[in-house]
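Below is one structure, written out as structure tokens; the observations come after it.
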Amino acid sequence: HQTRQTSAESSISSSNTSATSIVDNYRLNMINCHSIAVTIVLLLPLCMSWSSSMKTGTNNNNCDLALAMTARSSRVIGGGGDNDKHENQKQIIVVGGGLAGLSVSLALATLGYRVQIVERRHDWGQRKGGTYLMQPNAIRALEKVCQEAMDPLYDMGVPVPHSDCKMYAWWMVRDSLLQQVLLRKNNISLHMGWSFSNVEDDHPDFIKARFTRTKQTQTQIQEDDDDDGKNTQMIDNDAEDVLDLTGTLLVGADGVHSAVRASLNLAPATHTGSVCWRGSISIIDDNDDNDNDNDNDDDNAIDNNNNIKNAQKLLAPLLTSPLLTTGKMVMGYIKCDQYCVVGLKSFHSKYPGVMTWTVNTREPDAAVKFSHPRDALGAYLDSITKNDNDNDDDDDDDNKKTASLIEAVFELADPEELHHSLPFVTIALPEENQDANVNGTTGWGGTGRVTLIGDAAHAMRSAGGQGGAMAFEDCVVLARILEQTQAQASCGGNANDNDNDTVDEDDVHASNVHHTTRASIETAVQEFESSRLPRVRTIWNDQWERAERAYKGDFT
């Protein structure tokens, strides 16, 4: 991969010199973090529901503020006619409020654009979701996107031994980005509960996107806590309400099942054949206060409590290192058979007693055949049980210890997480020898004044956090190219542009935005995607191979 990677980095350097500081040391970082990145091959999808001090549920302050900014009726934002030409040139529409959407919005707002973020969900939900391994190139990219968002994250992540990587709950990164978005309400608007419908790119001065309310927000019931929930206020939103936005560019950052991607007639995400169960457990015994109540419990409840305590005691030694090697476990992973890998990670150094777990299988039809991770591990666990009385060697002892650890995890896991599986999907990129994609362009599918970033453009295997890193790099490179577009348009001038504009002397970027044209934005989209494609393709292939090696037990 080193030859292809060098070519990819050269491509970025030639098209966008300013962005090379993010990526010029990637090879060195991947060499330094090689074994770590492999061992984190299944870390990304871990579920983080953390200990009691972190189980805060919905981030109410952020949700309230975000919902207050949500559009509530049919209207057009950004102007819809020739008189609003400059307003449209100053506005960019971002579809998706995940890590990629929030990051690119911050980067574009810095250039002087007015950014409209549209998110399908009606709130931010509970603080659960995937664990994110932040690689050095991701850190550098996020620093360029928004240093203020990166500052609190330096001390929040769990250091990974022998590397510069850190492990986070993904919502830690999301919340830090979201806070900065909400602080920039003069430049960024956030619309919650709207689903992308279509885009029209036939007007010379603006692109128009239409959104409809998501079903879950068409009718909302708010309970009055002071009246024991009996007094309710019905907010009945018209199901046909629409939100129309116009601007100079639309950025699809709406994830692996991107509606923007579908509108461009691009191939959807495809299943990799792997299925994952994921969750978090607490090793610290928080039931001591209830021990005195056991006299009134039945025998089953007492036995259950004892089983939990025994499981916690068995797993407690694993808290000593984020990536433990013991028995059959190698750097936090156990290869159970030809199909299955179990991962255990400790966040104890930052969040006492917290461990995360994954069970990953690529057995054919696993999503249909197995409703519980123990089903996927059945053959492996049964083989250890059958050999229990046959062998007394060290290898057999290691197998017994491994089986006991797995059973202890299942004992402590949330039943809801044990019965919820997640199929892995990816989005294939154009081949190296392919002259153009389905839309006749040389990137990954963006066309006209519509582009894709992050998972919507190039979702890849979870093998070391590079999926998120590529999204952050997308944000930086897109912003750099648009900045260059502004500068070229400003220097070249626009002889036909005689409108009287009021230019804010304190915002040079905002004045330059006025000079961007349809042609210049279309050129910027193609330059962005074509310059990023070689590097992203290299990383995509690398992550796929690392994920496959993990199923063979190669975690080094």
Side-chain angles (χ1 to χ4, degrees), residues 22 40 43-48 59 62-63 66 92 94-110 115 117-121 123-154 156-157 165-184 188 190 192 251-258 260-261 269 425-427 451-479 532 536 539 543:
I22 299 173
I40 308 298
L43 178 60
L44 183 61
L46 293 174
C47 180
M48 305 296 294
N59 187 337
N62 284 345
C63 283
I92 291 179
V94 174
V95 183
L99 300 187
L102 296 173
S103 299
V104 76
S105 298
L106 289 167
L108 297 175
T110 301
V115 183
I117 307 175
V118 187
E119 167 59 39
R120 178 182 56 82
R121 295 168 297 175
D123 60 39
W124 298 109
Q126 292 185 327
R127 285 173 164 177
K128 290 185 177 183
T131 299
Y132 177 46
L133 177 72
M134 188 172 284
Q135 293 277 4
N137 58 316
I139 293 174
R140 291 196 300 273
L142 190 52
E143 288 171 341
K144 288 184 175 293
V145 167
C146 182
Q147 183 65 56
E148 294 89 344
M150 189 64 225
D151 285 340
L153 294 173
Y154 291 122
M156 293 175 66
C165 305
K166 288 189 176 183
M167 298 189 298
Y168 296 87
W170 81 271
W171 53 258
M172 294 178 181
V173 183
R174 190 276 313 276
D175 282 1
S176 188
L177 291 166
L178 179 60
Q179 181 182 22
Q180 294 304 316
V181 164
L182 297 178
L183 289 174
R184 289 161 171 76
I188 305 176
L190 178 58
M192 304 290 292
V251 180
D254 48 340
V256 293
H257 302 294
S258 168
V260 177
R261 180 180 183 85
V425 297
T426 61
I427 290 177
T451 189
L452 302 168
I453 65 171
D455 283 348
H458 43 67
M460 58 187 66
R461 297 285 289 272
S462 301
Q466 284 299 334
M470 292 300 99
F472 290 144
E473 288 188 11
D474 286 349
C475 299
V476 174
V477 176
L478 178 60
R532 288 287 293 151
V536 173
I539 304 303
Q543 300 295 277

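Nearest heavy atom pair, residue A141 against residue V476, reads O-CG2, 3.4 Å. For the pair C475 and A107, the tightest heavy-atom approach, listed with the atom from each and the gap, is O-CB, 4.2 Å. Smallest separation of non-hydrogen atoms from T426 and M460: CG2-C, 3.9 Å. Between A456 and I427, the shortest heavy-atom contact is O-CD1, 3.6 Å. Nearest heavy atom pair, residue C165 against residue L133, reads CB-CD1, 3.7 Å. Nearest heavy atom pair, residue A138 against residue Y132, reads CB-OH, 3.4 Å.
If you take CE on M134 and OH on Y154, they are separated by 9.5 Å, rounding to the nearest 0.5 Å. Atoms CE and CE, from M172 and M156 in turn, are 5.0 Å apart once rounded to the nearest 0.5 Å. Separation of atoms CD (E148) and CD (E143) is listed at 11.5 Å; rounding is to 0.5 Å. Distance check: W170 CH2 to D175 CG gives 8.0 Å after rounding to the nearest 0.5 Å. Of the inter-residue distances, the one linking Q466 atom CD with I539 atom CD1 reads 5.5 Å to the nearest 0.5 angstrom. Between the CG atom in D455 and the CG atom in L99 there is a gap of 9.0 Å [rounded to 0.5 Å].
Looking only at side-chain heavy atoms (C-beta outward), Q180 and L177 stay at 4.5 Å or farther from each other. Side-chain contact between F472 and K144: absent, with no pair of heavy atoms (C-beta onward) separated by less than 4.5 Å.
Without hydrogens or angle criteria, Q135 side chain to N137 main chain gives no donor-acceptor distance under 3.5 Å.
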- Take V115 and V181 through the side-chain contact (heavy atoms from CB on, under 4.5 Å) test and state the conclusion after the steps. CA-CA 10 Å; V115 183; V181 164; over 6 Å; no

- Apply the test side-chain contact (heavy atoms from CB on, under 4.5 Å) to residues L153 and K166: give CA-CA distance (whole Å), side-chain angles for both, the deciding distance (0.1 Å), then the verdict. CA-CA 10 Å; L153 294 173; K166 288 189 176 183; over 6 Å; no

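Legend: residues meeting side chain to side chain donor-acceptor pair (under 3.5 Å) with S103, ordered by chain and number and at least two apart, are absent. Residues satisfying the salt bridge (Lys or Arg N to Asp or Glu O under 4.0 Å) criterion with D474, sequence neighbours excluded, are R532.
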Could you go through residues 251-258 and list every donor-acceptor pair under 3.5 Å that involves a side-chain atom there, pairing it with any protein atom two or more places apart or in another chain?
from	atom 1	to	atom 2	distance (Å)
D254	OD1	S258	OG	2.5
D254	OD2	S258	OG	3.2
D254	OD2	A259	N	2.8
D254	OD2	V260	N	3.2
S258	OG	V260	N	3.3
S258	OG	R261	N	2.9

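The side-chain contact (heavy atoms from CB on, under 4.5 Å) test with L108 is passed by exactly one of V145, I92, I188: I92.
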